[in-house]
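Worksheet for the structure shown next.
Both backbone and side-chain heavy atoms feed into the values below; hydrogens, waters and symmetry mates do not.
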Amino acid sequence: MAKAFFRLQKFLRRTQFLLFFLTAAYLMAGSLLLLQRTRLVIQQGSRGTPANQALPVPEEMARAGITDPRALQSPRPGPRLLVGTEALQEPALEQRHSPHWLTSRNSELRQLRRRWFHRVTSEQEPLQTAGLKAMKHTTEHKGTYMGCFAHDSRETTLKGAVFYDLRKMTVAHCQEACAERAYSYAGLAYGAECYCGNTLPAAAAKPEECSSECKGEKGSVCGGVSRLSVYSVGEPRAAARRRRNVIYRGCFRAPENLTDAFPASLIQPNLTVEMCSEFCSKKEFPLAVIRGQGCHCGYPTGRFPLREGADGRRCSGSHNASSAATGEFCLVYQTPVQDTRCTDRKFLTTKSKVFVALSSFPGAGNTWARHLIEHATGYYTGSYYFDGALYNKGFKGEKDHWRSRRTICVKTHESGKTEIEMFDSAILLIRNPYKSLMAEFNRKYAGHLGYATDRNWKSKEWPDFVNGYASWWASHVLEWLKYGKRLLIVHYEELKQSLIPKLKEMVEFLNVTVTEDRLLCVENNRDGNFKRSGAKQKNFEPFTQEMKDLINRYILTVDEALRGRNFSGLPREYVPR
């Protein structure tokens with residue numbers, strides 16, 4: 001019996017050693033494979049990927065003669081197409097429109113999209129580092145620490161404005177942001193969230209419960225889990241005072257009963273714009289409305305939507321409040337305070353049954369559309385990619401897996417058959433290719449909010465960029481028209497011009513019901529945090545005649561394809577300039 005037990009014990013020891021050896025070998029083999037694949041990805045990002053899988057070519061693309069982006073850049077035309085580690089040479093003219101060439105072109109276009117994605121992910125870190133240097137604030141904050149308070153994001157007291165910076169938040173940064181908007185207090189939570197207001201929270205918490213370190217400032221405390229570190233704002237810096245401006249919205253017909261239409265009012269002899277704006281800012285309202293000696297504070301509402309302005313002469317043509325806007329009309333000003341009726345956002349509580357894409361060519365306003373959708377619906381949007389700069393500014397869906405179905409829709413620039421057919425429906429956002437190309441070129445060389453330099457525009461990179469990306473603009477629309485299951489076409493220019501009607505269409509397409517007041521709030525916050533400040537004028541025309549001929553051909557092709565599928569064609573301003 002003892003001998004049999006000894007043999008069993010010996011066998012088990014050998015099996016244990018064998019299992020250990022096989023596990024170690026498996027892990028080593030997996031590591032080597034991972035390293036090899038990583039090396040291949042790096043090589044592909046620098047020199048392109050061999051095209052060994054062709055996609056069907058839409059008929060419209062063949063008629064337009066859409067050419068290969070890399071072939072257009074190649075300075076050495078040749079009689080054949082070399083694929084692999086060698087440079088892609090332009091085919092002979094008689095071969096350019098052959099089926100083989102079109103198939104190769106479509107595959108190479110897909111490679112261009114892959115290289116664009118690899119470049120975006122590789123550029124994010126340097127851009128974020130540059131942004132950190134540009135936005136660095138002094139660590140010596142002003143104002144008084146008021147204490148640690150309980151924080152409920154749904155019913156927060158400091159709800160005048162909300163900001164996120166999940167990487168570079170500091171106490172001084174939050175204080176200055178609140179000071180620009182005329183608030184008295186700045187509260188920080190979770191080390192990265194900033195809340196502004198004029199009233200202290202009611203429920204105090206233990207000091208040790210505010211224990212989260214600020215993301216951008218080691219050693220400083222920025223609240224905690226459901227806890228706010230609250231500071232008084234103090235005197236804003238000169239730059240912040242300059243930005244704390246009051247915007248004249250215009251002359252409008254007054255509601256029948258101003259007292260009922262607006263929640264706060266003040267009657268003041270010798271009333272001035274500054275007095276009314278200061279009063280409404282303290283009450284945390286975004287609108288200051290003046291009629292005679294009355295100052296009224298509130299929001300845009302169904303009764304007072306601010307859509308149809310009156311002739312300024314009806315308000316006496318003056319901004320002197322004491323002598324203007326008597327009778328049926330009133331002067332309206334935008335205070336520095338943010339309209340917060342639509343700033344609350346969350347993930348879907350249950351997984352969405354319909355998988356919706358928000359698809360566009362890069363530079364077509366996808367981020368702006370996401371801002372509008374999130375604020376209109378109250379739900380986060382997701383992304384096929386991960387953009388750290390967007391995540392750090394409050395697009396929390398960036399870090400959620402794009403197939404989680406916890407977001408209302410998913411941003412994508414992809415246009416392959418497989419990628420398109422993964423979605424049940426899509427909002428296809430289209431923008432004038434001239435504007436899209438310029439916007440994406442600016443983003444490539446200066447980030448989301450910057451502008452490329454004149455040197456960039458006049459370099460060889462700009463014509464190469466146009467030659468490669470213009471065909472992508474066309475193929476993106478054509479392939480979504482061909483493979484998309486259920487589409488809502490939205491033109492960027494029409495969304496910009498008629499925001500409320502177009503946004504209503506988008507929200508209904510997403511099967512979400514929203515109030516008119518929430519849509520008016522979105523209109524009041526329409527720009528968001530990722531809008532370039534004005535159009536930087538260039539003293540030269542960036543598009544050559546050859547570029548215009550190329551782009552115009554794509555415009556006509558896309559316009560014809562849209563009409564052929566019973567959609568309205570492209571806006572008139574697209575077509576040949």
Side-chain angles (χ1 to χ4, degrees), residues 120 342-343 345 347-348 352 354-387 389-391 393-398 400 402 407-415 419-420 423-433 435-440 442-443 448-449 473 476-477 480-481 484 486-512 514 518-532 558 562 567-568 570-571 574:
V120 167
C342 57
T343 54
R345 289 165 290 168
F347 289 102
L348 295 173
S352 174
V354 181
F355 197 30
V356 186
L358 176 62
S359 178
S360 73
F361 174 77
N366 199 301
T367 300
W368 180 56
R370 290 176 68 187
H371 162 78
L372 297 176
I373 290 171
E374 288 194 2
H375 284 75
T377 64
Y379 296 111
Y380 288 115
T381 59
S383 177
Y384 188 82
Y385 320 100
F386 169 69
D387 190 328
L390 295 180
Y391 174 75
K393 293 300 181 182
F395 285 88
K396 291 188 176 180
E398 284 289 322
D400 204 55
W402 66 279
T407 54
I408 195 66
C409 61
V410 176
K411 163 189 172 178
T412 180
H413 299 308
E414 300 299 308
S415 55
E419 290 83 356
I420 293 172
F423 294 96
D424 301 315
S425 58
I427 297 173
L428 181 58
L429 184 64
I430 305 174
R431 187 182 185 184
N432 188 321
K435 299 293 180 64
S436 290
L437 291 168
M438 293 175 68
E440 177 58 13
N442 279 321
R443 189 212 60 78
H448 284 283
L449 301 178
W473 175 86
H476 182 273
V477 177
W480 275 94
L481 289 175
R486 176 173 169 259
L487 296 178
L488 174 67
I489 306 295
V490 176
H491 297 288
Y492 172 90
E493 291 75 15
E494 293 177 356
L495 179 61
K496 189 175 179 181
Q497 184 176 0
S498 305
L499 182 66
I500 296 294
K502 289 297 177 183
L503 191 54
K504 274 185 178 179
E505 288 182 26
M506 296 165 71
V507 169
E508 289 173 3
F509 185 81
L510 294 168
N511 199 28
V512 178
V514 299
R518 188 167 185 114
L519 290 175
L520 289 169
C521 171
V522 177
E523 187 177 41
N524 219 26
N525 294 315
R526 62 185 297 157
D527 288 342
N529 296 323
F530 278 92
K531 181 179 183 298
R532 290 185 176 88
V558 170
L562 286 169
F567 292 108
S568 59
L570 296 174
Y574 284 37

### Message
Set out, in order, the CA-CA distance, both residues' side-chain angles and the distance that settles side chain to side chain contact (heavy atoms under 4.5 Å, CB included) for Val356 and Ile408, then state yes or no.
### Response
CA-CA 7 Å; Val356 186; Ile408 195 66; over 6 Å; no
### Message
Can you tell me how the ring of His413 sits relative to the ring of Tyr385, calling it parallel under 30°, perpendicular over 60° and tilted otherwise?
### Response
parallel
### Query
Which pair of heavy atoms, one from Cys342 and one from Asn525, lies closest together, and at what distance?
SG-ND2, 3.8 Å
### Message
Within this structure, what is the NE2-OH distance for the pair His491 and Tyr574, rounded to the nearest 0.5 Å?
### Response
6.0 Å
### Query
Do you know the tightest heavy-atom contact between Leu570 and Trp473?
CD1-CH2, 4.1 Å
#### Entry: Straight-line distance of Arg345 CZ to Lys396 NZ, nearest 0.5 Å
8.0 Å
### Message
According to side chain to side chain contact (heavy atoms under 4.5 Å, CB included), who are the partners of Ala364, at least two apart in sequence or on a separate chain?
### Response
Ser360, Arg431, Ser436
### Message
Checking Arg518 now: which residues fulfil salt bridge (Lys or Arg N to Asp or Glu O under 4.0 Å) with it, not counting sequence neighbours?
### Response
Asp344
### Query
With sequence neighbours left out, what residues match Phe347 under ring-ring contact (aromatic ring centres under 6.0 Å, His included)?
Tyr380
#### Entry: Ser359: which of Lys411, Glu419, His476 passes side chain to side chain donor-acceptor pair (under 3.5 Å)
His476
### Task
Taking side chain to side chain donor-acceptor pair (under 3.5 Å) as the test, write out the residues that go with Glu523, two or more places apart.
none
### Summary
Taking every heavy atom of Ser383 against every heavy atom of Val410, the minimum-distance pair comes out as C-CG1, 3.8 Å
### Message
I'd like to know whether Phe361 forms a side chain to side chain contact (heavy atoms under 4.5 Å, CB included) with Val477, so could you lay out the CA-CA distance, the side-chain angles of the two residues, the decisive distance to 0.1 Å, and finally the verdict.
### Response
CA-CA 8 Å; Phe361 174 77; Val477 177; over 6 Å; no
### Task
Sort out for me which residue in Thr377, Ile500, Leu503, Val507 forms a side chain to side chain contact (heavy atoms under 4.5 Å, CB included) with Val522.
Leu503
### Message
Within the structure provided, determine whether Trp368 and Leu495 are in side-chain contact (heavy-atom separation under 4.5 Å).
### Response
yes
### Task
Quick one: closest heavy-atom pair of Ile373 and Cys409, and the distance?
CD1-SG, 4.1 Å
### Message
Quick check against the 3.5 Å criterion: does Asn442 have a side-chain atom that pairs as donor or acceptor with the backbone of Met438?
### Response
yes
#### Entry: Qualifying residues under side chain to side chain contact (heavy atoms under 4.5 Å, CB included), relative to Ala357, sequence neighbours excluded
Thr412, Phe423, Ala426, Trp480
### Task
Drop me the distance from Leu429's CG to Leu358's CG, to the nearest 0.5 angstrom.
6.5 Å
### Query
Measuring from Thr367:OG1 to Leu390:CG, what's the distance to the nearest 0.5 Å?
5.0 Å
#### Entry: Residues in side chain to side chain contact (heavy atoms under 4.5 Å, CB included) contact with Leu488, at least two apart in sequence or another chain
Ile427, Val490, Glu505, Met506, Phe509
### Message
According to side chain to side chain donor-acceptor pair (under 3.5 Å), who are the partners of Glu398, at least two apart in sequence or on a separate chain?
### Response
Arg370
### Those residues that, when tested against Asp424, pass side chain to side chain contact (heavy atoms under 4.5 Å, CB included) (two or more places apart)
Val354, Phe355, Arg405, Lys485
## Note on the structure
So CG of Leu499 and CG of Leu372: to nearest 0.5 Å the spacing works out to 5.5 Å
### Task
Kindly write out the residues that satisfy side chain to side chain donor-acceptor pair (under 3.5 Å) with Arg526, not counting sequence neighbours, or none if the list is empty.
none
#### Entry: Inter-residue atom distance Thr407.OG1 - Glu374.CD, 0.5 Å rounding
9.0 Å
